[in-house]
**Student:** 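Provided herewith is a single structure, encoded as structure tokens, for subsequent inquiry.
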Protein chains: 2
Amino acid sequence: MEAALKAIAEPRRRAILRLIWDRELPAGEIASQFDVTRPAISQHLRVLREADLIDERREGTRRYYRTRPDTMAALRRFMENMWDESLERLKFAAEFEEAKQKRASGSPEDRKRRIH
Amino acid sequence: MEAALKAIAEPRRRAILRLIWDRELPAGEIASQFDVTRPAISQHLRVLREADLIDERREGTRRYYRTRPDTMAALRRFMENMWDESLERLKFAAEFEEAKQKRASGSPEDRKRRIH
DNA sequence: ACTTCGCGTAAGTTGAGACTTACGCTTTTA
DNA sequence: TAAAAGCGTAAGTCTCAACTTACGCGAAGT
């Protein structure tokens, strides 16, 4: 997951992912779409593969690549969870503040305890 | 958006975002939660701020930081859109393939045209 | 006014990463 | 079996980014 996040942070790798989302393509065809050398793309493909973001299929001398929908879905869920968990915490914090208002107003020590 | 993606790719910055999601905290309190120096955290806060991921409020000598829900929401939507657009393309590609099956089986030139 | 507090910033170091060219490996073809 | 096709990998360069220590700056206390 960590590897996937760093992988999609790179614009070129996102472009590759979009290129091979709905169809598998051999490495050479992928490289021909960009203005960098073929080894550069090969190294990007390695990063994507180690992050489980693409599949590799070898056929003869060619290697076909294709985006893995399951890992992309997991990435999407990760963002949603980060969002949802935070909403939970926001809600909890609001309730906590409310309860605190009903108690006697806080001593100076209260602020220290809220932090950390 | 590019800046935000690279910002959340760093684990330490994600930890900071979680820390100040539901409550604002002064820079020093944030730094005390980590085992790196205060300037290091200050630089992380700068990156987050330039990506519009956090707000800064100055009060006296302190600077309070807090995660911006709107930018986080935009980030979440970005992932969803990347996913949805790709689903659209997948659907379209499937229809295209289906239509192609109904035509005469492809000549060798067809494969060339499918690529690029 | 002088000191202390709570910061950010400057400058330097180190490691990672996005590239390049050169090379080697495996599979097909002549 | 020799050559060519289609790749990945090694090695080197260069930029960037995550840290460190040293310093500076404005606001608050004394």
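Lettering of chains follows the sequences in order, A, B, ..., and the numbering in each one begins at 1.
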**Student:** Check DNA chain C against residues 48-56 of chain A and give the residues with a non-hydrogen atom under 4.0 Å, in numerical order.
**Tutor:**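 Contacts with DNA chain C under 4.0 Å: none.
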**Student:** Got a sec, which residues hit side chain to side chain donor-acceptor pair (under 3.5 Å) with Glu50(A), two or more places apart in sequence or on another chain?
**Tutor:** Arg46(A)
**Student:** Roughly what angle, to 10°, lies between the helix axis at the start of the helix from dA1(C)-dT30(D) to dA30(C)-dT1(D) and the one at its end, five pairs per end?
**Tutor:**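 End-to-end axis angle: 10°.
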**Student:** Identify the heavy atoms of Val47(B) and Ala7(B) that sit nearest to each other, and give their distance.
**Tutor:** CG1-CB, 4.2 Å
**Student:** Below the 4.0 Å mark, does dA17(D) have OP1 or OP2 next to a side-chain nitrogen or oxygen of His44(B)?
**Tutor:** no
**Student:** Among residues 1-14 of chain B, which ones have heavy-atom contacts with DNA chain D below 4.0 Å?
**Tutor:**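 Result for residues 1-14 of chain B: Glu10(B), Arg12(B), Arg13(B), sorted by number.
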**Student:** Flag yes if more than 12 heavy atoms outside Arg76(B) fall under 6.0 Å of its CZ atom; otherwise flag no.
**Tutor:**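 Yes, the 6.0 Å shell around CZ holds more than 12 heavy atoms from other groups.
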**Student:** Of all heavy-atom pairs between Arg68(B) and Asp52(B), which one has the smallest distance, and what is that distance?
**Tutor:**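 For Arg68(B) versus Asp52(B), the nearest heavy atoms are CD-O, 3.4 Å.
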**Student:** Please list each protein N or O that sits under 3.5 Å from an N or O in nucleotides 3-7 of chain D, with the distance.
**Tutor:**
{"unit_1": "dG6(D)", "atom_1": "OP1", "unit_2": "Arg62(A)", "atom_2": "NH2", "d": "3.1"}
{"unit_1": "dG6(D)", "atom_1": "O4'", "unit_2": "Thr61(A)", "atom_2": "OG1", "d": "2.8"}
{"unit_1": "dC7(D)", "atom_1": "OP2", "unit_2": "Gly28(A)", "atom_2": "N", "d": "3.0"}
{"unit_1": "dC7(D)", "atom_1": "N4", "unit_2": "Arg38(A)", "atom_2": "NH2", "d": "3.3"}

**Student:** Need two values: the first and the last nucleotide of DNA chain C, 5' to 3', having an atom under 4.0 Å from any heavy-atom of chain A.
**Tutor:**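 The contact span of chain A on DNA chain C goes from dA18(C) to dT28(C).
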**Student:** Tell me which of Val47(A) and Leu45(B) sits closer to the 5' end of DNA chain C, going by the nucleotide each one is nearest to.
**Tutor:** Leu45(B)
**Student:** Taking CZ from Phe34(B) and P from dA18(D), how many angstroms apart are they, rounded to a whole number?
**Tutor:**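 About 14 Å, once rounded to whole Å.
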